[in-house]
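Letters A, B, ... are given to chains in the order of the sequence lines, protein chains preceding strands, and every chain is numbered from 1. Nothing here was measured: the structure is a model prediction, and the numbers come from that model.
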Number of protein chains: 2
Amino acid sequence: MNDNYQLLRRHFEELVELTDEEWDFIRPHFKDKKLKKRQFLIQTGQQVEHEYWIIKGLLKSYAIDEKGNEHILQFALEQYWVSDYNAFQNQQPASIYVDCIEDSEFFALSLESREIICKEVPAIANFFRLKSNNGFVSLQKRILSLLTQTAEERYHALEEKLPHLIQRVPKKLIAAYLGVSRETLSRFKL
Amino acid sequence: MNDNYQLLRRHFEELVELTDEEWDFIRPHFKDKKLKKRQFLIQTGQQVEHEYWIIKGLLKSYAIDEKGNEHILQFALEQYWVSDYNAFQNQQPASIYVDCIEDSEFFALSLESREIICKEVPAIANFFRLKSNNGFVSLQKRILSLLTQTAEERYHALEEKLPHLIQRVPKKLIAAYLGVSRETLSRFKL
DNA sequence: TATTTTTTGTGACCTATATCACACCTAAAG
DNA sequence: CTTTAGGTGTGATATAGGTCACAAAAAATA
């Protein structure tokens, strides 16, 4: 339990420095939460009061289109942050789902808590700024991959980037992430 | 000229509050720059020392694939920020191009300047954090549109979001942004 | 104005990927 | 164990969209 907070502190310290006093101030703002496989962290229409840092487990954030097809925005692994950021930041009803692919454990941070710790501890504001910048860059890369690569090339790129993930989740979810049908995905590989 | 700085100040003040002293501190970090149509702001391989706030004009940021096709990441209009953020933040060689679709004018902010003003003026750190969060959310929406919509649906969505833009740039650039060939784009519309 | 370059439309044809249908297999649940 | 629900592979066929080719229109430049 305590170890998990240590993990979180180290996560912050990958990008910024924190004094013990600063850490003591921010630590209580993170609330532990656990969910089992197939349980929802966020559902469309709901208010989104938190963002979550994943201690253990695996989740997916996704939208469902009119035809009922699932389209995955993000696979969220250990040490990742996840939420419906549009809903969270702009305090609007959620427009995506987030649920657990495996039993998972997180730290929940509310919007008020985030604003408080960002205000009181400039290093944390910087952490979130840098984190968000990195997230922005990752999404740009994904957009370029959707614009420039074939589904098969995207599959191989993912295989290279997160080899572990492909073993860990059903192929149909990989397909829903890559933007290709399960059948077509099953026809490439090798 | 002075007016442009006023515009920038107002742009910051859409998200955060600034005192006159804070503004006087940050203002000199923004350097005026102008380019004409077809000139490059950033080219692949170059070091990227600045991000830019657009006072006037229109630019595109894009990648070129092996077949020589252009894929547009962003159209950057007045009041938008643009750079190769991966290259800028991680101080790596640029992997995209940014050039002017129209004669343009910007304020350039160096990475050092950004870090200085973020450190000295917490409101500015917050501004960039919020801005980056919003950018992240926009890119997520674009990814979802690429995953869930047909090219024609994406065209109509863009038409609705930025009607003005469609008049302002050649259709082949709209096609390069939507991820569709110019011929196919020319076949929908109405 | 004349001339070159860029943009746009449209036909003919091709290809990646979607969809539907079914069989098999594996893993969880009773 | 046995049963049920997911997960996976593969054929047959349909379709959105790509590619190539050419001509007309519009815009930039001389």
Side-chain angles (χ1 to χ4, degrees), chain A residues 35-39 57-58 60 62-72 75 97 99-103 143-159 165-190, chain B residues 35-39 57-60 62-72 75 97 99-104 143-159 165-190:
Chain A
L35 287 177
K36 293 203 176 291
K37 189 169 170 172
R38 275 163 214 271
Q39 291 187 307
L58 175 57
K60 61 188 201 291
Y62 59 100
I64 306 237
D65 68 24
E66 324 80 55
K67 288 182 229 135
N69 289 342
E70 186 173 314
H71 302 275
I72 297 182
F75 287 111
Y97 297 91
D99 70 23
C100 300
I101 298 175
E102 302 173 359
D103 294 355
I143 287 171
L144 270 186
S145 82
L146 286 167
L147 292 177
T148 63
Q149 297 183 300
T150 65
E152 184 158 13
E153 289 169 332
R154 271 176 268 144
Y155 177 77
H156 291 306
L158 181 64
E159 205 175 22
L165 183 74
I166 288 167
Q167 316 313 120
R168 213 167 151 185
V169 310
K171 299 277 165 66
K172 69 165 186 175
L173 296 187
I174 300 291
Y177 176 84
L178 295 175
V180 73
S181 72
R182 211 220 77 217
E183 294 94 328
T184 298
L185 177 62
S186 141
R187 286 183 239 259
F188 342 117
K189 288 200 302 186
L190 178 138
Chain B
L35 286 178
K36 294 206 174 289
K37 188 168 171 173
R38 275 162 214 271
Q39 290 187 308
L58 175 56
L59 299 94
K60 61 188 203 290
Y62 59 99
I64 305 236
D65 67 22
E66 324 79 55
K67 287 183 228 134
N69 289 108
E70 186 172 314
H71 302 275
I72 296 182
F75 286 111
Y97 297 90
D99 70 24
C100 300
I101 298 174
E102 302 173 358
D103 294 354
S104 304
I143 287 171
L144 270 185
S145 82
L146 287 166
L147 292 177
T148 64
Q149 296 182 301
T150 65
E152 185 159 12
E153 289 169 333
R154 270 176 269 143
Y155 176 77
H156 291 305
L158 181 65
E159 206 175 21
L165 183 74
I166 289 169
Q167 316 312 119
R168 211 167 153 188
V169 309
K171 298 278 164 66
K172 70 167 187 172
L173 296 186
I174 301 290
Y177 176 84
L178 295 174
V180 72
S181 72
R182 43 131 305 260
E183 293 94 329
T184 299
L185 177 62
S186 142
R187 287 184 239 260
F188 347 114
K189 288 200 306 183
L190 178 136

Practice task
Round to the nearest Å and state the distance from B:Y155 atom OH to D:dG17 atom P.
Solution key: 15 Å
Exercise for the section: Among C:dT19, C:dT7, C:dA18, find the nucleotide with the atom closest to the side chain of A:V180. Expected result: C:dA18
Exercise for the section: Calculate the interatomic distance between A:E153 atom CD and C:dT17 atom C1'; express it in whole Å. Expected result: 14 Å
Practice task
With the side chain of B:T150 defined as its heavy atoms from C-beta on, choose the nearest nucleotide among D:dG17, C:dT10, D:dG9.
Solution key: D:dG17
Practice task
Would you confirm whether B:R182, through its side chain, and B:A175, through its main-chain N or O, come within 3.5 Å as a donor-acceptor pair?
Solution key: no
Exercise for the section: Check whether any side-chain heavy atom of A:R168 sits under 4.5 Å from a side-chain heavy atom of A:L58, and report yes or no. Expected result: yes
Exercise for the section: For A:E183, answer base if it contacts any base atom (sugar-phosphate contacts may also be present), sugar-phosphate if it contacts only those atoms, and nothing otherwise; contact means non-hydrogen atoms under 4.0 Å. Expected result: base
Practice task
For B:K67, report the nucleic acid contact type (base, sugar-phosphate, nothing); a contact means any heavy atom under 4.0 Å.
Solution key: sugar-phosphate
Practice task
Would you mind reading off the distance between A:K36 atom NZ and C:dA28 atom C1', rounded to a whole angstrom?
Solution key: 15 Å
Exercise for the section: State whether the side chain of A:D103 and the backbone N or O of A:K37 hold a donor-acceptor pair below 3.5 Å, judged by distance alone. Expected result: yes
Exercise for the section: Describe, in one word, how the ring planes of B:F188 and B:Y155 are oriented to each other, choosing from parallel (under 30°), tilted (30 to 60°) and perpendicular (over 60°). Expected result: tilted
Completion exercise
Testing C:dT8, D:dG9, D:dG18 for proximity to the side chain of B:T184, the answer is D:dG18
Practice task
Could you tell me the separation between the CD1 atom of A:I101 and the P atom of C:dA27, rounded to a whole number of Å?
Solution key: 18 Å
Problem - Distance-only donor-acceptor test (3.5 Å): side chain B:R38, base D:dT29 - result: no
Practice task
Ignoring hydrogens and angles, answer whether the base of D:dG11 and the side-chain atoms of A:R187 contain a donor-acceptor pair closer than 3.5 Å.
Solution key: yes
Exercise for the section: Determine whether the side chains of A:E153 and A:H156 contain a donor N or O and an acceptor N or O closer than 3.5 Å. Expected result: no
Handout entry: Atom-to-atom span, CG of A:L185 to C1' of D:dG7 - whole angstrom
Key = 12 Å
Handout entry: Euclidean distance, atom NZ of residue B:K171 to atom P of D:dA24 [Å, nearest integer]
Key = 20 Å
Handout entry: A:K37 vs B:L173, nearer the 5' end of DNA chain C by closest nucleotide
Key = B:L173
Practice task
Ignoring backbone atoms, establish whether A:K172 has a side-chain N or O less than 4.0 Å from OP1 or OP2 of D:dG7.
Solution key: yes
Problem - Side-chain N or O of B:S181 closer than 4.0 Å to phosphate OP1/OP2 of D:dG18 - result: yes
Exercise for the section: Please state how far atom CG in A:L178 lies from atom P in C:dA18, giving the value in whole angstrom units. Expected result: 11 Å
Exercise for the section: Can you tell me the distance, in whole Å, between the CZ atom of B:R154 and the C1' atom of D:dG17? Expected result: 10 Å
